[in-house]
Amino acid sequence: MKYKNLHPWDVDPNQAIQIQKQLRDQLILQKTQETYRRIAGADVSYDKGSDILYAAVVVLELPSLQIIEEASAVGRSTFPYIPGLLVFREAPILLKAFEKIRQEPDVIMFDGQGIAHPRGIGIASQMGLWLDKPSIGCAKSKLFGDYREADLGAKAGSYTPLTYRGKIIGAVVRTRDNVSPVFVSAGHKIDLATSIELVLKSCQGYRIPEPTRQAHNLVNKIRVEGDKSKAPGGTQMDLFG
DNA sequence: GCGACAG
DNA sequence: ATCTTGTCGC
């Protein structure tokens with residue numbers, strides 16, 4: 001999978017904010033496709049105190065949710081985690097993983113915000129722009145916006161709008177009965193209704209929809225394998241050293 | 001000044 | 001994100 005030239009490497013936070021403000025207006029916030037047969041999920045993981053990042057991309061078939069392709073990448077972090085600038089930390093390694101994908105997805109789900117972001121361009125939106133693909137933000141917690149807990153039903157499938165200054169920027173979506181909701185927002189080349197629909201259609205009894213859940217599983221798998229090769233015989237050293 | 005703050 | 005034990009529920 002090929003992406004646009006803009007490189008998120010070696011930028012400083014001030015420059016990053018300018019890039020986001022500039023890219024913001026290029027977002028397309030409408031449904032650009034009627035059917036979605038392949039959905040991808042992407043995620044990044046790392047060890048505490050380490051600057052090695054692991055990324056995974058999993059492509060699933062819709063509506064079966066069967067995995068048809070997986071790809072991963074490992075790299076060194078070049079940017080710290082700063083709320084609002086997550087994409088500059090995770091994009092380089094994510095793009096490396098996306099390069100290996102051969103089954104082009106119709107839409108990509110990211111573990112983070114879409115336009116529900118201080119500058120209207122979270123990781124899902126910016127990655128969608130760079131990859132030139134429809135994208136959805138599905139985060140486990142809120143970064144930006146307001147909503148009322150009382151307006152959200154307890155059953156799976158219910159949702160309530162996430163707003164900012166009266167404008168709807170996303171939705172708080174219950175994916176399981178009586179379980180904390182996820183925060184969904186349009187990324188790029190898609191609308192909120194379709195984003196919510198795809199998130200709900202992608203759930204398999206877990207709080208996290210399959211695309212990002214499977215990507216999370218894979219990224220943790222390769223991270224653990226990476227640890228093993230880095231510290232062989234670690235268990236015995238702990239016992240006798 | 002104070003609270004909030006994706007992963 | 002990661003570090004962690006027990007615990008509540010289907």
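Within every chain, numbering begins at 1; the chains are lettered A, B, ... in the order of the sequence lines, protein sequences first and strands thereafter.
Of the listed nucleotides (C/dT2, B/dC5, C/dA1), B/dC5 has the atom at the smallest distance from the side chain of A/Y81. Checking B/dG7, B/dA6, C/dT2 against the side-chain heavy atoms of A/N220 singles out C/dT2 as nearest. The side chain of A/P83 lies closest to B/dA6, out of B/dA6, C/dT2, B/dG7. Residue A/L143 has its side chain nearest to B/dA6 when only B/dG7, B/dA6, C/dT2 are considered.
Between A/S141 and B/dG7 there is a side-chain polar atom (N or O) within less than 4.0 angstrom of OP1 or OP2. Here A/R89 does not reach the OP1 or OP2 of C/dA1: none of its side-chain N or O atoms lies under 4.0 Å away.
Residue contacts shown for A/L85 include a base, since a base heavy atom lies under 4.0 Å away. Base engagement by A/G84 is indicated by at least one non-hydrogen atom pair under 4.0 Å involving a base atom. Note on A/D177: nothing from the nucleic acid sits closer than 4.0 angstrom, heavy atoms only.
For A/Y46 and A/Y54, the distance between ring centers is not under 6.0 angstrom.
Within 6.0 Å of CD on A/Q22 lie no more than 12 heavy atoms contributed by other residues, nucleotides or ligands. Summarising the local packing, OH of A/Y159 is surrounded by 12 or fewer heavy atoms from other residues, nucleotides or ligands at distances under 6.0 Å.
At whole-Å resolution of the value, CD1 in A/I17 and C1' in B/dC5 are 13 Å apart. Straight-line distance from the CG atom of A/L86 to the P atom of C/dA1: 10 Å, rounded to whole Å. A/R207 has its CZ atom 18 Å from the C1' atom of C/dG9, to the nearest Å. Atom NE2 in A/H216 sits roughly 10 Å away from atom C1' in C/dT2 (whole-Å rounding). Distance CG (A/D47) to P (C/dT4): 12 Å, rounded to an integer number of Å. Here the C1' atom of nucleotide B/dA6 and the NZ atom of A/K142 are 12 Å apart, to the nearest Å. Taking atom NZ of residue A/K48 and atom P of nucleotide B/dG7, one finds them 17 Å apart after rounding to whole Å. Regarding A/Y147, its OH atom lies at a distance of 13 Å from the P atom of B/dA4, rounded to whole Å.
Looking at A/I68, A/L60, A/I108 one by one, the single match for side chain to side chain contact (heavy atoms under 4.5 Å, CB included) with A/R38 turns out to be A/I68. Tested against A/K189 for a side-chain hydrogen bond (donor to acceptor under 3.5 Å, both in side chains), the candidates A/D132, A/T194, A/T32 yield a single pass: A/D132.
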